[in-house]
Participant: 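Quick one: the structure is below, and I'll ask about it shortly.
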Protein chains: 2
Amino acid sequence: MVNGKNKKIQKLVKIPSTTVARLPLYLRCLKNIQDEKTSLVSSFELARLSGHNAAQLRKDLSYLGEFGTRGVGYEVDELVRQISKWLGTASVRSVAVVGAGHLGQALCNYHAFINKGFKISALYDNDKDKVGKKVGEIDVKHISQLASGVLDGPIDIGVIAVPARAAQDVATQMVEAGVKSILNFAPAKIKVRKGICVRNLDFSTQLQIIGFHLASVEHGLTSECCD
Amino acid sequence: MVNGKNKKIQKLVKIPSTTVARLPLYLRCLKNIQDEKTSLVSSFELARLSGHNAAQLRKDLSYLGEFGTRGVGYEVDELVRQISKWLGTASVRSVAVVGAGHLGQALCNYHAFINKGFKISALYDNDKDKVGKKVGEIDVKHISQLASGVLDGPIDIGVIAVPARAAQDVATQMVEAGVKSILNFAPAKIKVRKGICVRNLDFSTQLQIIGFHLASVEHGLTSECCD
DNA sequence: TTTTGTGAAGCGATTCACAGCA
DNA sequence: TGCTGTGAATCGCTTCACAAAA
């Protein structure tokens with residue numbers, strides 16, 4: 001409004017974390033659309049498919065740039081390209097999982113990750129009986145090899161799939177080994193140095209949130225639901 | 001402020017979903033405190049342990065009631081009781097898992113659920129080879145038995161641990177069988193009738209969010225991190 | 001004095017409503 | 001005309017700052 005530089009400034013503005021969290025969802029819907037042979041999509045249609053409203057979708061996309069054509073809509077392929085770019089899908093991310101229990105095995109056997117740009121490149125455990133065995137295509141190595149495992153190439157994401165009591169210790173070792181970000185499944189708050197991105201994803205917590213909503217409904221306090 | 005009914009009114013006010021999401025975390029920290037023999041905790045201490053600020057913690061707790069003593073702090077046991085109550089832990093919640101793959105097995109073998117008030121009471125799959133086998137203590141039943149399985153007692157929470165293409169179908173069957181809420185691990189948007197609480201928890205989405213932050217840092221756009 | 005509980009201010013996300021453009 | 005892109009309004013959560021209470 002003041003001058004022509006506003007668009008540049010806009011691009012440097014922090015993208016709301018809520019928007020970031022929706023991007024993977026939009027991308028998923030767009031890929032479903034690609035499988036059919038539609039090449040154009042309106043904000044209304046994509047909003048409907050992803051379960052949001054059209055204004056929000058347009059605002060979200062506007063943080064990334066101007067990809068649509070007024071009066072027409074968005075080109076599906078272009079939008080897929082752009083969102084993928086922002087999600088950092090240019091390179092395949094290397095993931096190391098620590099904890100070869102059922103959850104660790106579930107992750108290693110989930111082959112859809114590779115389509116989304118993630119490759120599980122190593123699996124570690126401290127159980128001597130598991131070390132040396134294979135889970136899917138992946139050798140189970142001893143946790144002590146985590147540091148040297150990074151020599152095979154940098155690890156972008158470390159996944160903590162161990163019991164809570166071991167979580168902090170594993171996190172510390174991951175950071176020392178050069179892991180840049182952590183997905184933590186253990187029900188424990190882990191502390192790492194600033195600059196390491198940590199996301200927590202504890203199943204119990206999720207069930208407890210649902211439990212709250214069930215209790216609310218039972219007590220007649222609300223009929224509302226989860227996010 | 002206007003009259004004495006305000007406290008009652010306060011209790012009827014909707015509790016922010018962000019607050020609800022923090023309650024399980026507070027509870028976890030409090031239980032850790034209980035294991036030591038501290039019986040009192042201040043908002044500052046609990047905030048530090050849970051990684052939030054004291055004002056937010058007090059505001060969160062104030063939605064549930066007035067449990068603290070000014071100048072003193074909160075009694076740990078009392079706070080545990082109150083938060084548990086709001087999370088609906090009065091009764092044990094019955095959980096049915098559909099999908100006996102690695103993830104379904106991981107869930108069934110996670111014995112800590114019972115301490116948090118959740119009991120996995122059934123596991124279903126459509127694979128004839130899996131039906132009849134045991135996962136931990138739990139018999140694998142055929143998905144077609146979901147409806148009649150509810151006769152053994154109501155199912156509070158249905159967990160979807162099947163591939164995306166089957167997710168909507170499973171969700172529909174769950175709702176027909178009387179399941180009241182759903183935790184969905186499949187990367188698919190599922191539609192259910194109003195009043196059924198659905199939470200989505202797709203691993204790929206979580207990795208993609210981390211991917212965004214990694215890309216941001218790599219491009220020097222930010223040094224900020226995830227939630 | 002210490003720490004809670006809470007109005008009020010601040011801030012960020014959502015939604016509205018329409019100008020801008022094909 | 002139809003749909004995007006976006007200021008402005010609104011909504012809701014977080015944080016501040018202090019009165020109330022032990």
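Chain A is the first sequence line, chain B the second, and so forth, proteins listed ahead of strands; every chain is numbered from 1.
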Participant: Which whole-number value in Å describes the distance from A:Y63 OH to D:dT6 C1'?
Facilitator: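 Distance, rounded to whole Å: 10 Å.
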Participant: Would you sort out whether A:I83 and A:L61 count as a side-chain contact (heavy atoms from CB on, under 4.5 Å), showing the intermediate values?
Facilitator: CA-CA 9 Å; A:I83 296 179; A:L61 294 180; 4.1 Å; yes
Participant: Which listed nucleotide (D:dA21, D:dG2, C:dA8) is nearest to the side chain of A:R70?
Facilitator: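 Selected nucleotide: D:dG2.
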Participant: Given atom CD of B:Q82 and atom P of C:dG5, what is their separation to the nearest angstrom?
Facilitator: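 My rounded result for the distance is 11 Å.
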Participant: Both B:K59 and B:S43 contact DNA chain C. Which one's nearest nucleotide lies toward the 5' end?
Facilitator: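 The answer here is B:S43.
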Participant: Starting from C1' on D:dG12, measure out to CD1 on B:I15 and report it in whole angstrom.
Facilitator: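 After rounding, the gap between these two atoms is 15 Å.
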Participant: How long is the line joining CG of B:L79 and C1' of C:dG5, in whole Å?
Facilitator: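 Rounded to the whole Å, the gap is 14 Å.
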Participant: Checking contacts here: which listed nucleotide (D:dA17, C:dT15, D:dT4) is nearest the side-chain heavy atoms of B:A55?
Facilitator: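 Selected nucleotide: D:dA17.
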Participant: Just N and O in the side chain of B:S42: are any of them under 4.0 Å from OP1 or OP2 of C:dT3?
Facilitator: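 For C:dT3, neither OP1 nor OP2 has a side-chain N or O of B:S42 closer than 4.0 Å.
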Participant: Rounded to the nearest Å, what distance is computed from the CD atom of residue B:Q56 to the P atom of nucleotide C:dG5?
Facilitator: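 Distance check: B:Q56 CD to C:dG5 P gives 15 Å.
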Participant: If you take atom types as modelled and just measure distance, does the side chain of A:R58 reach the base of D:dG5 with a donor-acceptor pair under 3.5 Å?
Facilitator: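 Looking at the base of D:dG5, it does pair with a donor or acceptor on the side chain of A:R58 (distance under 3.5 Å).
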Participant: Look at A:T18 and C:dT14 and indicate whether a side-chain polar atom (N or O) is within less than 4.0 Å of OP1 or OP2.
Facilitator: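 Yes, within the criterion.
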Participant: Whole Å only: how far is the CG atom of B:D60 from the P atom of C:dG5?
Facilitator: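 It is 12 Å, rounded to the nearest whole Å.
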Participant: State, yes or no, whether a side-chain contact exists between B:V217 and A:K180 at a heavy-atom distance under 4.5 Å.
Facilitator: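 They are not in contact (no side-chain heavy atoms under 4.5 Å apart), so the answer is no.
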Participant: Any side-chain N or O of A:Y74 less than 4.0 Å from the OP1 or OP2 oxygen of D:dG5?
Facilitator: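 So the side-chain polar atoms of A:Y74 do come within 4.0 Å of the phosphate oxygens OP1 or OP2 of D:dG5, strictly under.
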Participant: Any side-chain heavy atom of B:Y74 within less than 4.5 Å of one from B:L30?
Facilitator: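 No. Closest side-chain heavy atoms not under 4.5 Å.
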Participant: Quick one: is D:dA22 close enough that its OP1 or OP2 comes under 4.0 Å of any side-chain N or O from B:T69?
Facilitator: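 For D:dA22, neither OP1 nor OP2 has a side-chain N or O of B:T69 closer than 4.0 Å.
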Participant: Among D:dT15, D:dC13, C:dT4, which is the nearest nucleotide to the side chain of B:P16?
Facilitator: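 Nearest nucleotide to the side chain: D:dC13.
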Participant: How close or far is atom P of C:dA13 from atom CG of A:L57, stated in whole angstroms?
Facilitator: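 Rounded to the whole Å, the gap is 17 Å.
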Participant: Measure from the ring center of A:F118 to the ring center of A:Y110 and say whether it is less than 6.0 Å.
Facilitator: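 Ring centres of A:Y110 and A:F118 not closer than 6.0 Å.
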Participant: What integer distance in Å separates B:F67:CZ from D:dA22:P?
Facilitator: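 Interatomic distance, CZ of B:F67 to P of D:dA22: 17 Å.
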Participant: Out of D:dG5, C:dT6, C:dC16, which nucleotide sits closest to the side chain of A:S62?
Facilitator: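 In terms of side-chain proximity for A:S62, the closest of D:dG5, C:dT6, C:dC16 is D:dG5.
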Participant: What I'd like to find out is whether the side chain of B:M174 reaches to under 4.5 Å of the side chain of B:I160, using heavy atoms alone.
Facilitator: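 Yes, side chains in contact.
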